Amino acid sequence: MMKTKVSIKTGQALNQKTACLVLPVYAGKPRFATFAALDEKLSGQLGKFYRQREFSGRREEMLLVHAGPGLACERLLLVGMGARKPLTAAGGRNLASQVADYLTQHHIHGGLIDSSELMTPRRDGALVVQALAEGLLLAGYRFDQYLTKDANEKPFLPAVGLLIPSTLGKKNAEKAVATAEALVAGICRARDLVNQPGNQKSPAYLAETAQQIAADQGLSCSILGRDQLEKEGFGALLAVAGGSERQPCLITLEYRGGGQEEAPIVLVGKGVVFDAGGISLKPAEKMDEMKMDMAGGAVVLGTIQAVAALKLPVNLLAVVPAVENLPSGSAYRPGDIVTSLAGKTIEVLNTDAEGRLILADALTWVQRYNPRVVIDVATLTGACIIALGHHAAAVLGNHEGLIRALLKAGEGCGERLWQLPLWEEYRAQIKGDFADIKNTGGRPAGAITAAAFLQHFAEKYTWAHLDIAGTAWAEKSSPGAPKGGTGFGVRLLFEYLRAQC
Ligand code: BES
Ligand code: MN
Ligand code: ZN
């Protein structure tokens with residue numbers, strides 16, 4: 001991916017030499033000084049646009065004006081913001097992505113966004129800058145490695161400036177841009193992994209990617225292959241892997257940015273590189289999308305990459321159980337009873353409820369790190385999509401404080417979570433008849449009973465589970481997020497971790 005260069009500028013908007021000065025404006029004729037001065041230089045043109053209602057500042061409205069003599073900029077772009085209200089992180093990203101798209105579509109090769117109208121006394125200006133920079137950078141994301149026409153033909157925005165009020169401080173703002181760059185690189189890493197097709201994406205491919213991240217960021221990486229998993233007793237994970245010729249593995253990346261003695265935070269991500277359902281085969285329609293069933297794994301890899309790139313002072317592990325779930329003569333069957341790494345026996349009622357099986361063993365395995373907190377991320381249930389649709393991920397867990405911290409991080413960065421209850425009563429649905437537990441609890445509350453299953457294997461530590469089934473994949477493109485993998489969760493976990501430091 002080509003990267004837009006984002007730079008920070010200070011000073012008067014009027015004096016800025018740029019191909020396009022971008023001015024976000026709220027609904028109604030603007031009253032701030034820059035606007036009045038620009039209007040004067042343009043012989044009252046701007047006022048006229050408002051009077052004749054050719055432009056009024058409604059959301060997503062854009063107006064491009066050529067500047068002419070007397071102004072340092074070549075063009076002026078007014079961008080409508082709608083009714084005045086505090087800018088959210090998602091709002092800032094969206095605005096910046098829209099501006100980037102507009103400029104590229106109009107073959108304008110650079111611009112300067114005046115952020116002063118977006119700053120409010122109660123909002124941290126650095127967060128506004130970070131959101132704008134993220135939006136600019138994400139607008140350049142494409143997954144085009146399999147398009148045989150020259151990808152360079154597609155328009156691309158080489159550079160954009162952000163004009164900030166001097167009170168924010170250039171250093172501060174530049175730090176926010178660097179944060180955005182590392183975070184976006186992590187998000188794009190996750191998107192690329194999710195978008196990669198199943199024929200290219202074996203468990204070994206995920207492992208190689210993890211090794212690449214480790215080499216780039218100076219992390220330690222370990223991979224357990226099939227023989228080691230057998231020796232250790234990963235019975236549930238190996239049962240799922242049985243149907244595929246591709247070897248399963250358990251990937252562990254370790255970053256140590258915190259104190260020597262400090263217990264780590266562990267992120268566990270579901271890494272089913274393709275989920276056909278196994279013998280309980282899925283219907284053909286949309287089965288192609290099940291290449292995204294490793295999105296949780298992609299998210300934890302993207303997160304640790306961003307955290308390491310920015311050297312956050314925290315000890316962090318990313319663990320990815322990686323398998324493929326296919327039907328075949330060697331596949332596990334409905335009715336099979338398997339013994340998990342924890343020793344609990346599991347009755348497999350449906351081979352398509354495979355995520356919880358591989359996560360069960362991974363959650364057991366990470367006990368060995370005496371973690372401070374464990375968070376698992378998984379495209380776990382279709383039921384989660386029924387419950388929340390595509391606008392929020394579900395959060396459940398065994399510790400209200402952790403859940404609250406995650407909800408707060410999500411609200412702050414715009415990757416929203418919604419808590420579902422994990423009451424004792426739900427456990428009855430997955431109590432086994434012929435083994436300790438069974439891997440499905442029937443249709444009622446499917447997202448919750450899946451979490452209740454995981455809870456059996458997360459008893460020894462503070463734990464939360466994020467079901468990202470509805471948010472990992474976008475069916476339609478939107479500004480800064482083309483159809484395909486979204487990387488949802490990288491930003492959320494990054495902001496959660498940053499708040500812990
Ligand atoms: N990977 C799927 C869940 C999923 C569905 C993710 C759609 C994203 C989009 C998971 O492995 C699965 O198949 N779950 C089953 C569980 C059921 C058999 C208890 C489901 O949700 O249907
Ligand atoms: Mn499945
Ligand atoms: Zn799955």
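Counting starts at 1 for both ligands and their atoms, in listed order. The structure displayed is predicted, hence computed values, not measured ones.
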Checklist entry - If hydrogens are left out, which of Asp293, Ile386, Leu357, Leu380 has an atom nearest to atom 10 (C) of ligand 1, that is, the closest non-hydrogen atom? => result Leu380
Next on the checklist: Does Arg416 have more than 12 heavy atoms from other residues, nucleotides or ligands lying within 6.0 Å of its CZ?
Outcome noted: no
Checklist entry - How far is atom 16 (C) of ligand 1 from its nearest protein heavy atom, and which residue and atom name does that atom have? => result Arg356 NH2, 3.8 Å
Checklist entry - Short list, please: which atoms of ligand 1 are under 4.0 Å from a heavy atom of Met292? => result 8 (C), 9 (C)
Checklist entry - Looking at Lys408, Arg491, Glu134, which one forms a side chain to side chain contact (heavy atoms under 4.5 Å, CB included) with Cys413? => result Arg491
Item to check | N or O contact, Gly382 vs ligand 1, cut-off under 3.5 Å | outcome: yes
Item to check | Under-4.0 Å salt bridge between Lys201 and Glu324 | outcome: no
Checklist entry - Identify the closest protein heavy atom to atom 19 (C) of ligand 1: which residue and atom is it, and at what distance? => result Thr440 CG2, 3.5 Å
Item to check | Option from Val323, Val273, Leu326 for which side chain to side chain contact (heavy atoms under 4.5 Å, CB included) with Ser244 holds | outcome: Leu326
Checklist entry - If you measure only the distance, is there a donor-acceptor pair under 3.5 Å linking the side chains of Asp436 and Thr345? => result yes
Checklist entry - Does Lys344 NZ have over 12 foreign heavy atoms under 6.0 Å away? => result yes
Checklist entry - Just heavy atoms, cut-off under 4.0 Å: does Arg443 contact ligand 1 by side chain, backbone, both, or neither? => result neither
Checklist entry - Does the side chain of Gln455 pick up a donor-acceptor pair with the side chain of Arg427 at under 3.5 Å? => result yes
Checklist entry - Heavy-atom distance to atom 6 (C) of ligand 1: which of Val240, Thr379, Leu349, Asn439 wins? => result Thr379
Item to check | Side-chain donor or acceptor of Asp293 paired with backbone N/O of Asp275 under 3.5 Å | outcome: no
Checklist outcome for this item: Of Met290, Met294, Glu289, the residue with the heavy atom nearest atom 7 (C) of ligand 1 is Met290
Checklist entry - With a cut-off of 4.0 Å, which atoms of ligand 1 are near a heavy atom of Glu354? => result 11 (O)
Checklist outcome for this item: Per-atom filter on ligand 1: closer than 4.0 angstrom to a heavy atom of Lys270 are 1 (N), 10 (C), 11 (O)
Next on the checklist: Within the structure, is a non-hydrogen atom of Ile385 found at a distance of less than 4.0 Å from ligand 1?
Outcome noted: yes
Next on the checklist: Is there a polar contact between ligand 1 and Asp352, counting only N or O atoms under 3.5 Å apart?
Outcome noted: yes
Next on the checklist: Using a 4.0 Å cutoff against the non-hydrogen atoms of Ala469, which atoms of ligand 1 qualify?
Outcome noted: 6 (C), 8 (C)
Next on the checklist: Side chain or backbone, does Thr381 bring an N or O within less than 3.5 Å of an N or O on ligand 1?
Outcome noted: no
Checklist entry - Taking 2.8 Å as the cut-off, does an N/O/S atom of Gly355 lie below it from the Zn ion (ligand 3)? => result no
Checklist entry - About how large, to 10 degrees, is the angle OD2 of Asp293, then the Zn ion (ligand 3), then OE2 of Glu354? => result 100°
Checklist entry - Closest to the Mn ion (ligand 2), which N/O/S atom of Glu354 is it? => result OE1
Next on the checklist: Regarding ligand 1, does Lys282 bring an N or O atom to under 3.5 Å of one of the ligand's N or O atoms?
Outcome noted: yes
Next on the checklist: Testing the 3.5 Å rule here: is there a donor-acceptor pair between the side chains of Gln212 and Asp216?
Outcome noted: yes
Checklist entry - Side chains of Tyr255 and Gln305: do they bring a donor and an acceptor to under 3.5 Å? => result no
Checklist outcome for this item: Taken to the nearest 0.5 Å, the spacing of Leu406 CG from Leu396 CG works out to 11.5 Å
Item to check | Nearest to the Mn ion (ligand 2) - the N/O/S atom of Asp275, by atom name | outcome: OD2
Next on the checklist: For atom 2 (C) of ligand 1, which of the options Asp275, Asn350, Thr449, Ile468 provides the nearest non-hydrogen atom?
Outcome noted: Asp275
Next on the checklist: Using 2.8 Å as the threshold, say whether any N, O or S atom from Asp275 sits that close to the Zn ion (ligand 3).
Outcome noted: yes
Checklist entry - Closer than 2.8 Å to the Mn ion (ligand 2), do we get an N, O or S atom from Asp352, backbone or side chain? => result yes
Next on the checklist: Please check this pair: side chain of Gln130 against backbone of Ala176, looking for a donor-acceptor N/O pair closer than 3.5 Å.
Outcome noted: no
Checklist entry - Between Glu400 and Gln419, does any side-chain donor sit less than 3.5 Å from a side-chain acceptor? => result yes
